[in-house]
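First up is the structure itself, then whatever we jot down about it.
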There are 2 protein chains.
Amino acid sequence: MKKALAFTSHDHKRCRRATLATVEKICAERNIRLTPVRRNTLEILLETHTALGAYELLEKLSQSGFCDKPPVVYRALGFLMEQGFVHKLERHNAFVACSEPKKCKNPCFLICRACSRVAEQTMPAAHTELVSAANQAGFITQNSVIELSGLCAQCPSDS
Amino acid sequence: MKKALAFTSHDHKRCRRATLATVEKICAERNIRLTPVRRNTLEILLETHTALGAYELLEKLSQSGFCDKPPVVYRALGFLMEQGFVHKLERHNAFVACSEPKKCKNPCFLICRACSRVAEQTMPAAHTELVSAANQAGFITQNSVIELSGLCAQCPSDS
DNA sequence: GGCAACTATGTTATATTGTAACATAACGAA
DNA sequence: TTCGTTATGTTACAATATAACATAGTTGCC
Ligand SMILES: [Zn+2]
Ligand SMILES: [Zn+2]
Ligand SMILES: [Zn+2]
Ligand SMILES: [Zn+2]
C-alpha cells in the first residue's frame, strides 16, 4: 500500500482538477447533469482533503451566490453521494469528495485527528476479511462503513 | 466464527440478566456507580438486540418516571459509552448495549436491514488487517468505526 | 416556436439529534 | 454534621436534516 495522497504534499491544484475532470466525464457517460450548485458543492469539497459539515458547505455556497437554505446543500450532496462523487463520514456528520470517483469501491476512511485530513483507501484484503468473517457469522454484507481515526504520517504522535 | 447470538433464537431473558450482572460486577471493580437512570437506560437497551435512538430511549425512561429532558438520556449514554457498556452506531445515530462488556475490543457491528437486530463481533484478523493496511499508508489507527449493513441468517434475502 | 413532461431549484416550515449552563439534590469522606 | 464531589433536574438553544409545495429551467415532441 503506497502512502495516502491526502497525507503527502502534492500538486493539489492538479489533483483536484483531475478529479473534477473525471467526474465530468462520468456525468457525460451516465447522462446526468452536473448543474451549477452540484458542481460548486463538489468544487468546494475538492479544495482540501478535509471533510466539511453541511452547514459549512452551505455558507460557502451562499458566498458563491446560491440560496443559503439547507435543502440546497442537502440535495446537492444527495446527488453527489448517489453518484459516488462524495462520501459522508458518519462519525463526524461531514462530507468529503471522493478521491477516485472512477475506481472507488468499498472505501475505508483514514481520518487524522490532528490535521483533519481524510484519506480514502480501498483495502480489498481487509474488506474481504471483514465480509467473510461476517458471513461465517451468518450475515450477508450489503454495505460497509469503515472509518479509522488516528494520526497521519505528517502529524506528530504526541498531538 | 460461530453464528452471532443476536441473530439466533436464544434464552434472551437469561442473556440480558447475564450482561447486566457482568456490568454490575465491572462497576464494583471500577468503583463507579450504576445509578438508577444509568441502570434503567442500560436495561432498556438490553431488552432487545436492536439499537434505539436517544429520544426513543428518553421516552421509555420517562415512562419509568425519570425526567424526560434530553440531557438525562445523553448523560446516561455518555457514562455507559465511556465505560464501554453501550456503543453508538454512527450510521444510524442509535445506541446498542454492548453484548460482551468484559471482553469487548474493537467491535464490528453487523446490522440487519430487515429485522434491525445488531450483532457485535470482534473480528481480530480483519481488524488487524485494516490497521496494518492503514499503517502501510502512513497512518496510526487509534480508533475504528466498523458497521456492516446487510441481512442476517434469519431474514430472507429478498427483503 | 409552442406545449407538455420532467428535472432541478427556491422557500417555508419543521423534525431530529445533541449540548451549554446553571440550579438542586444525593452521596461519601472527614 | 459539614464540606466537597458527583449526579440529576431544568431551561434554553445549537447543529443536523427533511417534508412539502411553489417556481423555474430543460428536453423532447409536434
Ligand atoms: Zn490533493
Ligand atoms: Zn495529520
Ligand atoms: Zn439476547
Ligand atoms: Zn434480520
Side-chain angles (χ1 to χ4, degrees), chain A residues 23-24 27-28 30-45 50-83 85-96 111 116 145 147, chain B residues 23-24 27-45 50-83 85-96 116 145 147:
Chain A
V23 165
E24 281 172 334
C27 284
R30 294 185 191 161
N31 203 33
I32 52 177
R33 296 164 53 202
L34 191 64
T35 60
V37 217
R38 292 168 177 177
R39 190 192 164 99
N40 208 298
T41 302
L42 181 58
E43 281 175 347
I44 291 167
L45 288 176
T50 60
L52 291 179
Y55 284 76
E56 287 177 271
L57 256 168
L58 185 54
E59 202 192 317
K60 289 179 191 260
L61 277 175
S62 80
Q63 283 164 18
S64 306
F66 295 96
C67 169
D68 74 335
K69 303 290 162 55
V72 169
V73 72
Y74 281 105
R75 279 193 292 231
L77 287 170
F79 169 86
L80 294 167
M81 288 194 291
E82 216 169 70
Q83 299 300 327
F85 303 149
V86 162
H87 304 293
K88 178 173 185 184
L89 300 185
E90 300 291 347
R91 172 86 186 277
H92 299 86
N93 297 323
F95 303 86
V96 70
I111 305 157
S116 299
V145 171
E147 297 172 4
Chain B
V23 165
E24 282 173 334
C27 285
E29 280 166 22
R30 294 184 192 161
N31 204 32
I32 53 178
R33 295 165 53 203
L34 191 64
T35 60
V37 216
R38 292 167 178 179
R39 189 192 164 100
N40 209 299
T41 302
L42 181 58
E43 282 175 347
I44 291 166
L45 288 176
T50 60
L52 291 179
Y55 284 75
E56 287 177 271
L57 254 168
L58 186 53
E59 202 191 317
K60 290 182 192 256
L61 276 176
S62 80
Q63 283 164 17
S64 307
F66 295 96
C67 170
D68 73 337
K69 303 290 163 52
V72 169
V73 72
Y74 281 105
R75 279 194 291 232
L77 287 169
F79 169 85
L80 294 167
M81 288 194 291
E82 215 169 69
Q83 299 300 327
F85 303 150
V86 162
H87 304 293
K88 179 173 184 181
L89 301 185
E90 300 292 347
R91 173 86 187 278
H92 299 85
N93 298 322
F95 303 86
V96 68
S116 299
V145 170
E147 298 171 4

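Fair warning: this is a prediction, and the values are worked out from it, not measured in the lab. These numbers come from the heavy atoms of this one structure, side chains and all, not from hydrogens, waters or symmetry mates.
Expressed to the nearest 0.5 Å, how far OG1 of B:T41 lies from CG of B:L52 amounts to 10.5 Å.
Distance CG (A:L34) to P (C:dA8): 11 Å, rounded to an integer number of Å. As a whole-Å value, the separation of A:L77 CG from D:dA15 P is 18 Å. What separates CG of A:N40 from C1' of C:dA8 is a distance of 16 Å, to the nearest Å. At whole-Å resolution of the value, CG in A:D68 and P in C:dT11 are 9 Å apart. Rounded to whole angstrom, the span from the CZ atom of A:R91 across to the C1' atom of D:dT16 amounts to 17 Å. When the P atom of C:dT16 is taken as reference, atom NE2 of B:H92 falls 17 Å away, rounded to whole Å. As rounded to whole Å, 15 Å separates atom P of D:dT26 from atom CG of A:N31. Taking atom CG of residue A:N93 and atom C1' of nucleotide D:dA14, one finds them 13 Å apart after rounding to whole Å.
In terms of heavy-atom proximity, A:C67 sits nearest to A:L58 at O-CD1, 4.0 Å. Considering every non-hydrogen atom in both A:T50 and A:S116, the closest pair reads CG2-O, 3.4 Å. Scanning all heavy atoms of the two residues, the minimum distance from B:I32 to B:F79 falls at CD1-CZ, 3.9 Å.
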For nucleotides 7-10 of chain D, tabulate all protein N/O to nucleotide N/O atom pairs closer than 3.5 Å, reporting atom names and distance.
from  : atom 1 : to    : atom 2 : distance (Å)
D:dA7 : OP1    : B:R38 : NH1    : 3.2
D:dA7 : OP1    : B:R38 : NH2    : 3.4
D:dT8 : OP1    : B:T35 : OG1    : 2.6
D:dG9 : N7     : B:R75 : NH2    : 2.6
D:dG9 : O6     : B:R75 : NH1    : 2.9

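Between the side chain of A:R30 and the backbone N or O of A:Q83 there is at least one donor-acceptor pair closer than 3.5 Å. With B:E147 contributing its side chain and B:R91 its backbone, the two residues share a donor-acceptor pair below 3.5 Å.
Under 4.0 angstrom from either OP1 or OP2 of C:dG18 there lies at least one side-chain N or O belonging to B:Y74.
Put simply, the side chain of A:Y55 and the base of D:dA14 share no donor and acceptor less than 3.5 Å apart.
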